[in-house]
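These notes are about the structure you will find just below.
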Amino acid sequence: MKKVAFYTLGCKLNYSETSSISRMFEQKGYQKVAFNEQPDIFIINTCSVTDNADKKCRKIVREAQGINPNGYVAIIGCYAQLKPQEISEIPGVDAVLGAAEKFRLIDLLDGFVKAPVAQPGRVIASPIEEAVDYHVSYSLNDRTRTFLKVQDGCDYPCAYCTIPLARGKSRSDTVENVVKAAHEIAARGVKEIVLTGVNIGDFGLHDGKRTETFFELVQALDEVEGIERFRISSIEPNLLTDEIIAFVAQSKRFVPHFHIPLQSGSNKVLGLMRRRYRRELYVDRVTKIKELMPDCCIGVDVIVGHPGETKEEFLETYNFLNELPISYLHVFTYSERPNTLAVDIKPVVPQSQRAERSKMLHILSDKKRRAFYEGQLGTERTVLFEDEVVDGNMQGFTENYVRVTAKYDPLLINEVKRLQLIEINAEGQVEVREVETEVFHH
């Protein structure tokens, strides 16, 4: 029985796909093992969001060779689609598969036989236009939450982004299929599903035609018995409609937590980025959410140092975020990607300024998260505990994404428990206590 190991870089979508591909191997009789357990085959799923992709990929290939010099190394993922030739020349790489091929790698790499040392790896990557199939994917067994892919690809030509080049056009699963997958996941005892995709608000495109909507998907999933929580991973502000917000506010299973990419708080920079909205719409979305769900957690993606972003425009973004009732930031430092529109925009922001802007927003994020957590102290929340134990403590998240910590108790793992949020500890996590179930009246 051949042993296979997986390594995933990048986003939740990649995790859901790696997990599904690993199950294909297991169904074919391969044994899935950890990366350091002398596997015969290494599958590395790559990301291309930053210019570190190349360095990371090389490092993992070197590690794999150190663990088993005779191991077969196959590279898949976004970076593999964008730069297959370059990757095939990394010493130790046996095969590189593109977006249209990665789900067929067991058939395509028949037997995983290593090539002679001197020659570059095989490249099996068709042009991105051929990545038109949709592959159902979800992660299992790696945690108490499951990432369920509902959509892939993107039709938005944002100036800084390579995803359309790496994943192709927007395409989706059907509502019926996603509901079926949710039932399968529920049958395995998973309590929380995180819906993921490249642009999930664009859900409903099949062969380029819109036949369903994301709102219809949300309504259908809300009826799935056995899943306690659905979380929407990230949704474009222009696709987050009033009806979705209103539905989540009264939903049985969708939690009060939205992650909404902003990228810049300056309308001029949003224009340079080719984003499909302006800051006024963003304010409107946040206001609407907080109106209906005052305790809702709102996460924000921001890019610093995009070409053409002046110091004043960065400060405009900083002040914009500082004044909004949001809960945390994911800060990305702009990095040049070949074949994107942004590489031709001038002036270019020096790396030192990018780093300084990133640092300012990281500090702001910590401040925002702390303020959000403080506002939740004293309230009662449901917490889903994860099965990781650190120094005798376990951690979990409330429905509105407050990270809590409690003394390890095996009974709590994968359980949704009602607790009171008490105080924030030195690590920035929230301590909890049990809610008294009975009230004695004298």
Side-chain angles (χ1 to χ4, degrees), residues 1-47 56-80 87 90 92-115 121-122 124 133 135-149 152 180-194 196 386-389 413-414:
M1 187 190 273
K2 280 195 173 178
K3 296 191 286 190
V4 60
F6 297 84
Y7 195 94
T8 307
L9 292 159
C11 63
K12 293 169 180 161
L13 191 52
N14 272 4
Y15 280 94
S16 71
E17 292 184 341
T18 300
S19 190
S20 290
I21 291 168
S22 77
R23 292 195 293 280
M24 289 177 183
F25 273 89
E26 289 175 297
Q27 283 157 9
K28 288 269 168 82
Y30 290 83
Q31 183 191 353
K32 183 180 168 183
V33 297
F35 209 79
N36 58 357
E37 293 182 307
Q38 293 284 319
D40 305 298
I41 304 159
F42 296 88
I43 309 289
I44 302 166
N45 193 355
T46 59
C47 165
K56 287 181 177 170
C57 186
R58 282 174 190 276
K59 187 174 192 313
I60 297 161
V61 172
R62 277 200 303 275
E63 288 292 320
Q65 286 185 292
I67 291 163
N68 180 4
N70 301 316
Y72 189 100
V73 177
I75 314 287
I76 59 173
C78 291
Y79 182 48
I87 299 170
I90 296 174
V93 169
D94 294 290
V96 185
L97 283 83
E101 289 79 19
K102 62 187 170 193
F103 282 91
R104 296 187 290 132
L105 60 80
I106 300 178
D107 301 330
L108 292 170
L109 300 178
D110 188 41
F112 298 92
V113 181
K114 272 188 94 63
R122 279 172 71 190
I124 316 175
D133 292 339
H135 297 274
V136 180
S137 302
Y138 53 83
S139 62
L140 274 182
N141 302 338
D142 30 4
R143 48 184 55 179
T144 47
R145 299 198 296 258
T146 282
F147 299 126
L148 170 59
K149 176 174 114 174
D152 198 351
K180 182 170 160 265
H183 282 296
E184 285 169 17
I185 293 165
R188 289 171 175 262
V190 173
K191 299 284 198 297
E192 180 177 315
I193 291 178
V194 182
T196 175
E386 305 196 342
D387 54 3
E388 217 171 297
V389 182
I413 287 176
N414 201 30

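All of these numbers come straight from a predicted model, not from anything done at the bench. Excluded from the calculations below are hydrogen atoms, water molecules and symmetry mates; all remaining heavy atoms, backbone and side chain alike, are included.
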With no hydrogens and no angle check, is any side-chain donor or acceptor of [X] less than 3.5 Å from a backbone partner on [Y]?
| X | Y | answer |
| --- | --- | --- |
| K102 | T18 | no |
| T196 | K149 | no |
| T146 | S139 | yes |
| D40 | Y72 | no |

At their closest point, which heavy atom of [X] faces which heavy atom of [Y], and how far apart are they?
| X | Y | answer |
| --- | --- | --- |
| S20 | S137 | OG-CA, 3.0 Å |
| K56 | L9 | CD-CD2, 3.9 Å |
| G71 | D94 | O-OD2, 3.7 Å |
| I43 | I41 | CD1-CG2, 3.7 Å |
| S22 | K32 | OG-NZ, 3.4 Å |
| N45 | G77 | OD1-CA, 3.2 Å |

Any side-chain heavy atom of [X] sitting closer than 4.5 Å to one from [Y]?
| X | Y | result |
| --- | --- | --- |
| K28 | D107 | yes |
| T8 | E17 | no |
| E192 | T144 | no |
| V73 | I60 | no |
| L13 | F147 | no |
| M24 | Y30 | no |
| R23 | Y138 | yes |
| P39 | I67 | yes |

For R122 and L109, run side-chain contact (heavy atoms from CB on, under 4.5 Å): C-alpha distance rounded to whole Å, both residues' side-chain angles, the deciding distance at 0.1 Å, then the answer.
CA-CA 9 Å; R122 279 172 71 190; L109 300 178; 4.0 Å; yes

Can we say K3 and E37 salt-bridge, meaning some charged N sits less than 4.0 Å from an Asp/Glu carboxylate O?
no

Would you call E184-R188 a salt bridge at under 4.0 Å N-O?
no

Let me confirm one number: the [atom1]-[atom2] distance from [X] to [Y], rounded to the nearest 0.5 Å.
| X | Y | atom1 | atom2 | value |
| --- | --- | --- | --- | --- |
| I90 | C57 | CD1 | SG | 4.0 Å |
| I193 | I185 | CD1 | CD1 | 4.0 Å |
| Y7 | K59 | OH | NZ | 8.0 Å |
| I76 | F6 | CD1 | CZ | 8.0 Å |
| L148 | K12 | CG | NZ | 13.0 Å |
| I87 | R58 | CD1 | CZ | 9.5 Å |

Mind telling me whether F112 and F25 have parallel, tilted or perpendicular rings, with 30° and 60° as the class edges?
tilted

Tell me if the NZ atom of K180 is crowded by more than 12 foreign heavy atoms within 6.0 Å.
no

F42 meets the ring-ring contact (aromatic ring centres under 6.0 Å, His included) criterion, sequence neighbours left out, with F35

